[in-house]
**Student:** 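Structure incoming, see below.
Just so you know, ligand 1 is whichever comes first in the structure, and atom 1 is the first atom listed for that ligand. These values consider heavy atoms only, across backbone and side chains, with no hydrogens, waters or symmetry-generated copies.
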Amino acid sequence: MRLTERIRYVGVDDMRTDLFERQWPLPYGVSYNAYLVVDEKVALIDTAAAGFEDELLSNIKNEIGDKKIDYLVVNHMEPDHSALQKVILDEYPDCEIVTNAKAATMIEGYYGITDGIKVVKEGETLPLGGVSLRFHMIPMVHWPETMVTWCEEEKTLFSGDAFGTFKAVDKNVTDTKSGIFEDYKAEMTRYYACIVGKYGAPVQAALKKLNGLEIKRICSTHGPVWENSIPEVIALYNKLSLYEANPGVCLAYGTMYGNTEKAALALAEAIRSRGIPCAVHDLTTENYSFALRDVFNYDTLILGSPTYNNGIFPPVRQLMEAVVDRLVKGRKFFAFGSFTWAAASVKSLNELATAAGFEILSEGMPFKQGYSDDKFDASGLASLV
Ligand SMILES: Cc1cc2nc3c(=O)[nH]c(=O)nc-3n(C[C@H](O)[C@H](O)[C@H](O)COP(=O)(O)O)c2cc1C
Ligand SMILES: [Fe+2]
Ligand SMILES: [Fe+2]
């Protein structure tokens, strides 16, 4: 598909993988975007995941017919984009790989390719004839070798995973239809929270580095090409990487026999009755990525866990560990949950939240055995607005 005379989309939609990285559900699929810059020389930017070789090659041939690819630019080595490098080299034996030194070692490590690699440095350019490509390193967004490729003449940023999102593109390769950014915002936030979330500081450094560019088009490796929503997309990344959140609550819980759940629903009702947004997630029936997304969305985290082996119920611990692992900052925190003989889950959760630097709203709401309204104590939540 033609984005401009020179820039073509040759990516693929994956509607058959259930779990991205074998852990993140894909209810709306995902795309692996690759692009061609067609000039006197032809450059392919990134490839796609294993299993999509025929589709990628056929998309390429549809754009350039029998013309050759001169360069394969490798922005990122995660196999969802690098898996088909060998397929491209087999089809186009004269094609030279263009990448940075760190990625070059990974190309050898993953695929055993050592020849025909042109190593570029920060700010180096590659002329293609009419236009040229310039490379900027954005380490740890979200791997050490990550870089972006900038085409000055087309004002186009090939950004790798940065500004990417779950949810296949279908016919929405570009965000020309109004409302596309809003359609993708939840999945973009979930992608960020799951995959990039730990790297807020490197994302900030990348945003500062790219700040001077007059960007007309962001071509990321997942989701739509951003043309009309660039300010919104950059603002979302800025906000997420600063761990800034909207007023509201992510209330996530686990339960074995329903007692902690009853308390969760009572708390959610009390919070919502005050006009405060409250997203509720049952971690025993839902993958924790959806709750993790809302930890990035909202400034208050409320976790419910029964006491389990003198500690936290494993599904709840999994979410809390994911939050800690992603260095989430500046959240208000409240915990609750049922126990039978010795309360431990709320205390353990409070300890983890304290270590993360969260503001503990109160001692929380541990309750003995069955839940009933007389055990309700949300006094700690009074300060929420
Ligand atoms: C394997 C297992 C381990 C448990 N460990 C503890 C414990 O260490 N201390 C405690 O007070 N209760 C413990 N419990 C009891 C639960 O906390 C209790 O069943 C609670 O009411 C469950 O809440 P729920 O209805 O929300 O699942 C344990 C229960 C199970 C099944
Ligand atoms: Fe990646
Ligand atoms: Fe990716």
**Student:** Under 3.5 Å between any N/O of Thr255 and any N/O of ligand 1: does that happen in this structure?
**Tutor:**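 So ligand 1 has an N or O lying under 3.5 Å from an N or O of Thr255.
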**Student:** Provide the number and element of each atom of ligand 1 under 4.0 Å from a heavy atom of Ala342.
**Tutor:**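 Contacts of ligand 1 toward Ala342, numbered from 1: 9 (N), 10 (C), 11 (O).
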**Student:** Using 30° and 60° as the class boundaries, would you call the ring planes of His76 and His142 parallel, tilted or perpendicular?
**Tutor:** perpendicular
**Student:** For Glu363, does the CD atom have more than 12 heavy-atom neighbours from other residues, nucleotides or ligands under 6.0 Å away?
**Tutor:** no
**Student:** If you consider just the N/O/S atoms, which atom of Glu78 is the closest one to the Fe ion (ligand 2)?
**Tutor:** OE1
**Student:** State the atoms of ligand 1, each with its element, that fall below the 4.0 Å cut-off from a heavy-atom position in Thr260.
**Tutor:**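 Numbered from 1, ligand 1 contributes 23 (O), 24 (P), 26 (O).
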**Student:** Among protein heavy atoms, which lies nearest atom 22 (C) of ligand 1, and at what distance?
**Tutor:** Pro306 CB, 3.6 Å
**Student:** Within a radius of less than 6.0 Å around NZ of Lys332, do more than 12 heavy atoms belonging to other residues, nucleotides or ligands occur?
**Tutor:** yes
**Student:** Relative to the ring of Trp226, is the ring of Phe181 parallel (under 30°), tilted (30 to 60°) or perpendicular (over 60°)?
**Tutor:**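 Taking Trp226 first and then Phe181, their aromatic rings stand perpendicular (interplane angle over 60°).
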**Student:** Determine which of the N, O or S atoms in Asp161 is closest to the Fe ion (ligand 2) and give its atom name.
**Tutor:** OD2
**Student:** Among all protein non-hydrogen atoms, which one is nearest to atom 1 (C) of ligand 1, and what is the separation to 0.1 Å?
**Tutor:** Tyr308 CE1, 3.5 Å
**Student:** Is the Fe ion (ligand 3) under 2.8 Å from any N, O or S atom of His76?
**Tutor:** no
**Student:** Can you name the atoms of ligand 1, numbered from 1 with element, that are less than 4.0 Å from a heavy atom of Tyr257?
**Tutor:** 24 (P), 25 (O), 27 (O)
**Student:** A quick test of your reading: do over 12 heavy atoms of other residues, nucleotides or ligands sit less than 6.0 Å from CD of Glu269?
**Tutor:**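 No, CD of Glu269 has 12 or fewer neighbouring heavy atoms, counting only those of other groups under 6.0 Å.
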**Student:** Looking at the Fe ion (ligand 3), is one of the N, O or S atoms of Asp80 less than 2.8 Å from it?
**Tutor:** yes
**Student:** Is the distance from the ring center of Trp24 to that of Phe290 below 6.0 Å?
**Tutor:**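 Not under 6.0 Å, so no.
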**Student:** Heavy-atom contacts with Gly258 under 4.0 Å: which atoms of ligand 1 show up? List them by number with element.
**Tutor:**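 Answer for ligand 1: 24 (P), 25 (O).
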**Student:** Does Asn259 reach ligand 1 with a nitrogen or oxygen that is under 3.5 Å from one of the ligand's nitrogen or oxygen atoms?
**Tutor:**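 For ligand 1, there is an N or O atom that lies under 3.5 Å from one belonging to Asn259.
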**Student:** What's the shortest distance from atom 4 (C) of ligand 1 to any protein heavy atom, and which residue and atom give it?
**Tutor:**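 Checked against all protein heavy atoms, atom 4 (C) of ligand 1 sits closest to Asn309 N, 3.5 Å.
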**Student:** Around atom CG of Asp54, are there more than 12 heavy atoms from other residues, nucleotides or ligands closer than 6.0 Å?
**Tutor:** no
**Student:** So that I can tick it off, tell me whether Lys209 and Glu122 are bridged by a salt bridge, with the cut-off set at under 4.0 angstrom between side-chain N and carboxylate O.
**Tutor:**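 Yes, Glu122 and Lys209 are salt-bridged.
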**Student:** Tell me whether Ala344 reaches ligand 1 (any heavy atom closer than 4.0 angstrom to a ligand atom).
**Tutor:** no
**Student:** Counting non-hydrogen protein atoms only, what is the nearest one to atom 13 (C) of ligand 1? Give residue, atom name and distance.
**Tutor:**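 That would be Thr307 O, 3.3 Å.
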**Student:** So which heavy atom in the protein is nearest atom 29 (C) of ligand 1, and how far is it from that ligand atom?
**Tutor:**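 Looking only at protein heavy atoms, the one closest to atom 29 (C) of ligand 1 is Met256 CE, 3.9 Å.
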**Student:** With distance as the sole criterion, is a donor-acceptor pair present between the side chains of Thr340 and Gln369 under 3.5 Å?
**Tutor:**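 Per modelled atom types, Thr340 and Gln369 side chains form no pair under 3.5 Å.
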**Student:** Polar contacts were defined as any N/O atom of the residue lying under 3.5 Å from an N/O atom of the ligand; does this apply to Ala343 and ligand 1?
**Tutor:**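 Between Ala343 and ligand 1 (N or O atoms, distance only) the closest approach is not under 3.5 Å.
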**Student:** Atom 20 (C) of ligand 1: which protein heavy atom is closest, and how many Å away?
**Tutor:** Ser338 OG, 3.3 Å
**Student:** For atom 6 (C) of ligand 1, find the nearest protein heavy atom and state the residue, atom name and distance (0.1 Å precision).
**Tutor:** Trp341 CH2, 3.3 Å
**Student:** Do Tyr92 and Asp70 get their side chains close enough for a donor-acceptor pair, meaning under 3.5 Å?
**Tutor:**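 No, no side-chain donor-acceptor contact under 3.5 Å.
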**Student:** With a cut-off of 2.8 Å, does His142 put an N/O/S atom close enough to the Fe ion (ligand 2)?
**Tutor:** yes
**Student:** Is there a donor in the side chain of Asn62 and an acceptor in the side chain of Asn59, or the other way round, less than 3.5 Å apart?
**Tutor:** no
**Student:** Hey, can you tell me if Tyr32 and His81 have their rings parallel, tilted or perpendicular (30° and 60° cut-offs)?
**Tutor:** perpendicular
**Student:** Can you find an N or O of Phe339 that's nearer than 3.5 Å to an N or O of ligand 1?
**Tutor:**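 No: no nitrogen or oxygen of Phe339 is under 3.5 Å from one in ligand 1.
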**Student:** Which class fits the ring pair Tyr192 and Tyr237: parallel under 30°, tilted 30 to 60°, perpendicular over 60°?
**Tutor:**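 It falls in the perpendicular class, over 60°.
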**Student:** Going by distance only, is there an N or O of Glu261 that falls short of 3.5 Å from an N or O of ligand 1?
**Tutor:** no
**Student:** For atom 19 (O) of ligand 1, what is the closest protein heavy atom, and at what distance to 0.1 Å?
**Tutor:** Thr340 OG1, 3.7 Å
**Student:** For the atom pair SG (Cys95) and CG (Asp90), what is the distance rounded to the nearest 0.5 Å?
**Tutor:** 11.0 Å
